[in-house]
Participant: 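My questions will all concern the structure given below.
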Amino acid sequence: MKKLKYIFMMLLLIIVYILGNAFSIYIYSYKDETCHADIAIVLGAAAYPHSISLVYQERINHAIDLYNEGYVDKIMMTGGVAEGNELSDAYQAKQYALSCNIDENDILLEETSTITQENLKYAKEIMDEYNYTTAIIVSDPLHMKRAMTMAKDEGIIAYTSPTPTTRYQTMNTKLPFLAKETIYYIGYKWYHLFSQI
C-alpha cells in the first residue's frame, strides 16, 4: 500500500511539474521586451526547395517591422540546409527579405544550424565577429521562453519580441505547439543542468 502511495505521489509531482512548465511557457509567450538592439535574430523554421514556410515568413515579417521602425540596424537569418534542399533556410529567408526592400548589407546569414540551440550558438559567433552585443530574438510566442533561455546560456544579451502575426492562432495549433515546447524546454533544462556537472 505504501509503495502504491509513493508511486501515486511521484506521478502527481511529475504531472504538476510538467503542467507548471507548460503554464510558464504560455505566460511567457505574452512577454515583449522590444527595444533598441544591435541586431534581430530570426530563429529558423521550415523552408522548402524554393520557398519558406508561412511560419518562417511571419517571423521574418516581424523582424522587418523592427528594422523599419528603427529598433535594429541588422537582421540575422538562421537555418542551415534542410534535407532535400540545395539552399539554406537562411539564404531563402534573405531572398524573401530582399523582396521586401531590405538592404542586402543589413542582412546576415547563419547557415550551419539545424535546431534552435544551434541557431543561437552560431548566431553568437557571428555577433562576436561583428562586435554586436545585444539582440532581439524573434520567433513565435510559444517558442520564446526556450529560445530566450538558450540565448542567455550562449551569452547573448537578449530581448524577447514574439511574432504578433504568428500562424499559431487557434487552440488546434497552439496546444500541440505548447505540448512540444514543454517537452523540449524540460529536456533542455535537464540537459543543461547535467552538462554543468
Side-chain angles (χ1 to χ4, degrees), residues 22 25-26 28-30 32 39-67 72 74-102 104 106-127 135-151 153-154 156 158 160-188 191:
I25 291 167
Y26 177 77
Y28 196 93
S29 72
Y30 290 95
D32 190 334
I39 193 166
I41 299 175
V42 185
L43 297 182
Y48 312 113
H50 301 291
S51 64
I52 56 173
S53 66
L54 294 176
V55 171
Y56 202 3
Q57 183 174 308
E58 293 305 330
R59 294 180 186 183
I60 299 165
N61 286 340
H62 183 46
I64 289 171
D65 287 342
L66 294 174
Y67 174 88
V72 295
K74 306 287 182 180
I75 300 173
M76 189 188 305
M77 308 301 183
T78 66
V81 180
E83 186 177 350
N85 292 354
E86 295 182 359
L87 303 172
S88 72
D89 295 357
Y91 178 83
Q92 295 195 74
K94 176 183 177 180
Q95 299 312 302
Y96 175 78
L98 291 175
S99 74
C100 296
N101 299 316
I102 301 301
E104 185 171 10
D106 292 334
I107 303 173
L108 302 180
L109 300 184
E110 178 285 297
E111 299 182 275
T112 308
S113 63
T114 57
I115 57 175
T116 300
Q117 188 175 1
E118 292 177 350
N119 286 163
L120 294 159
K121 175 183 177 181
Y122 299 130
K124 178 62 166 61
E125 292 177 1
I126 295 171
M127 286 179 66
I136 293 177
I137 307 300
V138 176
S139 191
D140 291 279
L142 291 171
H143 189 207
M144 291 308 304
K145 183 161 188 176
R146 181 164 65 98
M148 288 294 291
T149 301
M150 291 177 171
D153 287 343
E154 292 297 336
I156 300 172
T160 175
S161 189
T163 307
T165 54
T166 176
R167 303 294 294 187
Y168 300 96
Q169 298 283 356
T170 67
M171 279 299 172
N172 285 339
T173 56
K174 279 184 176 181
L175 285 178
F177 193 7
L178 177 59
K180 182 190 75 171
E181 277 303 309
T182 301
I183 293 168
Y184 287 174
Y185 178 67
I186 291 172
Y188 174 75
Y191 164 79

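Just so you know, these numbers use all the heavy atoms, side chains as well, and skip hydrogens, waters and symmetry mates.
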Participant: Show the nearest heavy-atom pair for residues S113 and N119, with the distance to one decimal.
Facilitator: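 In this case the closest contact between S113 and N119 is OG-ND2, 2.5 Å.
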Participant: Starting at OH of Y28, measure out to OG1 of T160 and round the result to the nearest 0.5 Å.
Facilitator: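 Those atoms lie 5.0 Å apart.
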Participant: Could you check whether any side-chain heavy atom of S53 comes within less than 4.5 Å of a side-chain heavy atom of Y48, counting everything from C-beta outward?
Facilitator: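 They are in contact (side-chain heavy atoms under 4.5 Å apart), so the answer is yes.
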Participant: Do you know which two heavy atoms are closest between A47 and D89, and how far apart they sit?
Facilitator: CB-OD1, 3.3 Å
Participant: Taking the side chain as everything from C-beta on, heavy atoms only, tell me whether T166 gets closer than 4.5 Å to P164.
Facilitator: no
Participant: One pair to check against side chain to side chain contact (heavy atoms under 4.5 Å, CB included): L108 and I39. What are the steps and the verdict?
Facilitator: CA-CA 9 Å; L108 302 180; I39 193 166; 3.6 Å; yes
Participant: Heavy-atom count around Y91 OH within 6.0 Å, excluding the residue itself: above 12?
Facilitator: no
Participant: Verify side chain to side chain contact (heavy atoms under 4.5 Å, CB included) between L98 and E104, making sure each step is shown before the conclusion.
Facilitator: CA-CA 7 Å; L98 291 175; E104 185 171 10; 3.7 Å; yes
Participant: Please report the interatomic distance NZ(K94) to CD1(I102), rounded to the nearest 0.5 Å.
Facilitator: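 The distance works out to 12.5 Å.
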Participant: Distance from C100 atom SG to Q57 atom CD, nearest 0.5 Å?
Facilitator: 7.5 Å
Participant: Could you tell me if the side chain of L120 sits less than 4.5 Å from the side chain of I137, heavy atoms only?
Facilitator: yes
Participant: Looking at G44, is its backbone amide N or carbonyl O close enough to the side chain of T78 to form a donor-acceptor pair, meaning the two atoms are under 3.5 Å apart?
Facilitator: yes
Participant: Evaluate the side-chain proximity of M127 to I156: yes if any heavy-atom separation is below 4.5 Å, no if none is.
Facilitator: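 When only atoms from C-beta onward are counted, M127 and I156 do touch, with a gap below 4.5 Å.
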Participant: Taking only distance into account, with no hydrogens and no angle test, what donor-acceptor pairs under 3.5 Å do side-chain atoms of residues 171-178 form with protein atoms, sequence neighbours excluded?
Facilitator:
unit_1	atom_1	unit_2	atom_2	d
T173	OG1	Q169	N	3.4
T173	OG1	T170	N	3.2
T173	OG1	T170	O	2.9
T173	OG1	T170	OG1	3.2

Participant: Report the residues that fulfil side chain to side chain donor-acceptor pair (under 3.5 Å) with T116, sequence neighbours left out, ordered by chain and then residue number.
Facilitator: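 With sequence neighbours excluded, T116 shows a side chain to side chain donor-acceptor pair (under 3.5 Å) to H143, given in chain and number order.
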Participant: With side chain to side chain contact (heavy atoms under 4.5 Å, CB included) as the criterion, how do L43 and R59 come out once you've worked through the C-alpha distance, each side chain's angles and the decisive distance to 0.1 Å?
Facilitator: CA-CA 8 Å; L43 297 182; R59 294 180 186 183; 4.0 Å; yes
Participant: Does any donor atom in the side chain of Y67 or D106 lie under 3.5 Å from an acceptor atom in the other side chain?
Facilitator: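 Yes, D106 and Y67 have a side-chain donor paired with an acceptor closer than 3.5 Å.
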Participant: Should the ring pair Y191 and Y188 be called parallel, tilted or perpendicular, given that the plane angle runs from 0 to 90° and is split at 30 and 60?
Facilitator: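 Geometry flag for Y188 against Y191: tilted rings.
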Participant: Decide if atom NZ of K74 counts as having more than 12 heavy atoms of other residues, nucleotides or ligands within a radius under 6.0 Å.
Facilitator: yes
Participant: So do M76 and V42 actually touch side chain to side chain, heavy atoms under 4.5 Å?
Facilitator: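 A side-chain contact under 4.5 Å is absent here.
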Participant: Under the 3.5 angstrom rule, does the side chain of E118 hit a backbone N or O of T114 as a donor-acceptor pair?
Facilitator: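 Between the backbone of T114 and the side chain of E118 there is a qualifying donor-acceptor contact (under 3.5 Å).
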Participant: Give a yes-or-no answer on whether the side chains of T163 and D140 include a donor-acceptor pair shorter than 3.5 Å.
Facilitator: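 The answer is no; no qualifying pair exists.
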Participant: Ignoring hydrogens and geometry beyond distance, is a side-chain donor-acceptor pair present between E111 and S88 at under 3.5 Å?
Facilitator: yes
Participant: Are side-chain heavy atoms of I52 and I60 found at a separation under 4.5 Å?
Facilitator: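 Sidechains of I60 and I52: in contact.
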Participant: Is the closest side-chain heavy-atom distance between I136 and I41 below 4.5 Å?
Facilitator: no
Participant: Hey, could you give me the CD1/CD distance between I107 and Q95, rounded to the nearest 0.5 Å?
Facilitator: 8.0 Å
Participant: If only atom types and distance count, is the side chain of E110 paired as donor or acceptor with the main-chain N or O of G79 below 3.5 Å?
Facilitator: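 Yes; at least one donor-acceptor contact below 3.5 Å.
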Participant: More than 12 foreign heavy atoms under 6.0 Å from OH of Y96: is that the case here?
Facilitator: yes
Participant: Identify whether the distance between the nearest side-chain nitrogen and carboxylate oxygen of K145 and E181 falls below 4.0 Å.
Facilitator: no
Participant: Looking only at the side chains, is there a donor atom on one of T165 and H62 sitting less than 3.5 Å from an acceptor on the other?
Facilitator: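 Checked: T165/H62 side chains show no N/O donor-acceptor pair below 3.5 Å.
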Participant: Hey, could you give me the CZ/OH distance between R146 and Y184, rounded to the nearest 0.5 Å?
Facilitator: 7.0 Å
Participant: If you define the side chain from C-beta out and look only at heavy atoms, does anything of S29 sit under 4.5 Å from M144?
Facilitator: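 Sidechains of M144 and S29: no contact.
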